[in-house]
Structure formats: C-alpha cells, structure tokens
Amino acid sequence: MAITAIKGFNDILPNESGRWQHIEQAARRVFELNGFSEIRVPIMEKTELFCRSIGDATDIVEKEMYTFIDKGDNSITLRPEGTAGVMRAFIEHKLHAQDPVSKLYYLGPMFRYERPQKGRYRQFHQIGAEVTGVNDPLVDAQVLNMLCAFFREIGLDEPSLQINSLGCPECRPAYRAALLKFLEGRLDQLCEDCRRRFTTNPLRTLDCKAAGCAEATQGAPSMLDNLCGGCGQHFDSVRCYLDSIKTPYKINPRMVRGLDYYTRTTFELVTGLLGSQSAVAAGGRYDGLISQLGGPSIPGIGFAIGVERVALLLGQQDFSRRPDLFIATMGAAERAGAFVLLTELQNLGVRVEMDYEGKSLKSQMRRADKLKTRYSVVLGGNELESGRALFKRMEDGLQIESVLTADAINEIVCPD
RNA sequence: GUGGCUAUGGUGAAGCGGUCAACACUUACGACUGUGACUCGUACAUUCGAGGGUUCAAAUCCCUCUAGCCACCCCA
C-alpha cells in the first residue's frame, strides 16, 4: 500500500492552485492598498504562547492543538491560528517603537486536530490582517471594509458581515453575571449541551441551534444593552463609520467568538453555502492581548480568512493560464531550432510550449488544442529553408504568415 | 471525542452469487506518410479499499480492520 497524506492534510493540485493564487493575489492587492505589509512568522511556537493568548480553557487549547516535545525537551505547538505568533513577533522585535501604528498581514497554514469535514481540515490556511496601536473605532471600520473589499475583489458578494461587541473587562463580567442569573431559572428548558455550556461558556447558549434553547433564551439580556459607556460609544461609532462608507452589515448580538482575547468589536463574514461551516472570515478587537503577552499596553484588531472556505465558494471557475503559442516540429533539426525560438520568445514574455520527444504532427496538434494554446505553428523543412511560417489562430483557424524571428512572432501572438 | 453514510481503473460509474468486470470520459497510437476541435478504429482493471470467513462458485453474502465523506462538539 502506497503512503498517503496525513488525515485532514490536503494536497493542492495544479488544477486548483490557480484558484489559490487568485485568492492570495487579491488579498495582497487589497491589503497593500490599505497600507498593510506582509509579516512572515514561524508555523511553530512555544506551546505557552497559545495557552496564554487563546485561553487555557478554550477548545482550541484544550483538545485541538498539535503539541509535541522536541529533542531539547521543549513543548512546541503547530500554530492553530495566526494572531498569537504575529503579536509575539511584534513584541519581540519592538515594532511599536518604530511606528506607533502597525498594519500587518500574513498568510499560511494553521493546524488544529479536529475531525475533518466540509470546509474544515487539520491543516488549513488563513489569510489574516492585524492593526495595532489604534483605539479609534475608525480603524475598526477600515478593517471591516478592507475585509469586504477583499471579497468583492475576488468576485464574491454572497457572504454577509455580522458585527457585535463583546465589551471589555469593565462591563463583560457584569453582563456575564446577569446572563447566568437569567439562565439559571431556565436550566431545565435548555438542551444537554447548553446545560454544560452554562458552566463552561454561558455566552454560547445564545447561539445554540436547538429550537428549545432559542426559545428559552428569547428574552435573555443582550451584551449590547449592557456595554459600559466607553464600549457603547465605541460600538456606535463603528456603526456610524460603516454607514458613512456604505458598507453593509448586520448586528448580531448573539455572535460569540471562540478565543478569549477578544474585546469590544467582533465580527464574522457568514455564508449559507458551506454546509455547517458558516464563517468564511472572522475577527475582532483584542485590546488586552499585547500586554497580556508581556508587551506594552497597546490595542489591536484583526481578522482571519479561511482560504479553503473561500476556495470552496469560488467553485469550479477556471483560473489556469493558456499558452500563447505551440510550436509543432517535423524532425530533430526543426526541434532544435524550435527550442532556440522558444527561449527567445520566453525572454519577450511569451508563453510558449513545444513537443519534447518527436511525436507525430497529429498528436502535437492535439496537444496544442488540449492546452488551449492561442496560436500554433508548424516548423518543417520548408519553414526552416524560407525562414517564414504560418501562424494559426486556434479559435478560428485563421493563418498568418510571418518571418521566424522572435520579435515578429511576438507581434502576432501577443499584440498590444 | 461521538454518530451516520460510502468504498469497483487516471476520472464518473454499471454490476445485486455463476463464461473475457458494461458504458462514458481521460490518456496513447492510428485512419489523414505537413496541421487541432467533429467522426471512426485500436489499446488501457489477472481485478473490485485491506484481511479473514460462507460456498462447487463471491466485486456481489457475513465478520474485522482501514480510509474517505457528512454531521455533532467547536471553529476560519
């Protein structure tokens, strides 16, 4: 039995890599337009970093991390998300000392030990962006708009933006207490999972899919009604800024995030097209994270896009590039000549293909057709002698005669 | 971690106990000894996820394992 890939680890084959490049290039374009720079950080970190940032009691840390002991007896973890590593680098290299505002983006694989299913894999990819050093809700709005702009750029307008505020260490505890009090009286109406959530993560009962729970929590207190003055104002301003640039959004007071570090603004881009995985991108503000990791007291906000989920939404669009020209040859001498021509044309930026092993003209032409090349040319004794050849436009069969120089061919094949 | 479903060639699949494992696509070569797409021909699974068992006979029935998918939990 041949060796296969690890469960939940996927190969991105040539027929889909074009789609991935399309997604990545769009992100780079949009993010750089917004003044973001790429940061590349390792895919492994000391385990402690994730425990301290994501939260010891979260599912990610408790049961989903790829953690192992290396030969130096250190506990190492494959990153389950990107923000922690980026913030570690930010603090370690004191980026805040060079510029009070930093706008960073990253992309790459993340790892979580979960049962794979549609849109969820053990190795998956995220494209993320982070802004540090700005408290103002203006930047929340810019980040949200940038996220939406990315989706417009790749031609997806289906996902809708939902926003919420989780409050801050000032107001969240009080809200949590109020919610617990509310739920306490209705424990018997909640599903089994929610009774467990009551102790582990009471906010989660608010977005439970069970009909009984939805009904029981109907009149539950809303975080948005319990924000402190600062958080309330912040949220209102975010909405105001979003309205001013006509970025559509929906307020979802029941939206909950899975990482402990979020404060104030949180958001998700959701879709109904991915089975049970509705979030294609999500993020939020994390004003306490940097100091919690031992850095200065600097606020931050960011998001991550699930690349596999985006790729799934893009569907089967063809992103492959067509060659400009296929050179068919009639013999060994012609093949040698074609090879020289091919390299000359490549130097001019023309995408050229040719036959490598002396196949019949028939099969060379078939290959040209299969590659969807735009033009083809046959080089035989006649052409070599006269220095001229017929260039055939494949879509309609029109033949154009030209001298066999790279410049002249370039004119025909790539006119602009 | 829990549950459901499925496993036949490069791909999509027929086959439901009995001669060479249908068909389609893909691929290769040819019909056309210098021109693709349409058409036609030829070739391409000693073998049906793996291992056991039942039977004179198993891709077809039974058991075990493995893998994949989908869902739950949770999440991008």
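Letters A, B, ... are given to chains in the order of the sequence lines, protein chains preceding strands, and every chain is numbered from 1. Note that these values count all heavy atoms, side chains included, but never hydrogens, waters or copies made by symmetry.
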Distance-only donor-acceptor test, R120(A) side-chain atoms vs C74(B) base atoms, 3.5 Å: yes

Side chain of R112(A): nearest nucleotide among G1(B), G34(B), A76(B)? A76(B)

Return yes if the base of G34(B) and the side-chain atoms of Q364(A) contain a donor-acceptor N/O pair under 3.5 Å, otherwise no. no

Determine whether any donor atom in the side chain of K392(A) lies under 3.5 Å from an acceptor atom in the base of G36(B), or the reverse, and answer yes or no. yes

Does any non-hydrogen side-chain atom of F50(A) lie less than 4.5 Å from one of I60(A)? no

Under 6.0 Å from the six-membered ring centre of Y106(A) and within 45° of its axis: does the NZ or CZ of R40(A) meet both? no

side-chain N/O S376(A) vs G36(B) OP1/OP2, d < 4.0 Å: no

Nearest-Å distance for atom pair CD1/C1', residues I327(A) and G36(B): 16 Å

Which residue, R257(A) or T373(A), contacts RNA chain B at a nucleotide closer to its 5' end, judged by nearest heavy atom? T373(A)

Please report the distance, rounded to the nearest Å, between CG in L312(A) and P in C69(B). 12 Å

May I ask which nucleotide in the shown strands pairs with U47(B), Watson-Crick or G-U wobble, both distances under 3.5 Å? none

Quick one: does R366(A) reach the base of G30(B) with a side-chain donor-acceptor pair under 3.5 Å? yes

Is the distance from OP1 or OP2 of A28(B) to the nearest side-chain N or O of R367(A) less than 4.0 Å? no

Determine the minimum heavy-atom distance between L361(A) and A328(A), stating which atoms define it. CD1-CB, 3.8 Å

Taking atom P of C74(B) as reference, at what distance in whole Å does atom CD of Q117(A) sit? 12 Å

Are R186(A) and F182(A) in a cation-pi setup, meaning NZ or CZ lies under 6.0 angstrom from the ring centre and within 45 degrees of the ring axis? yes

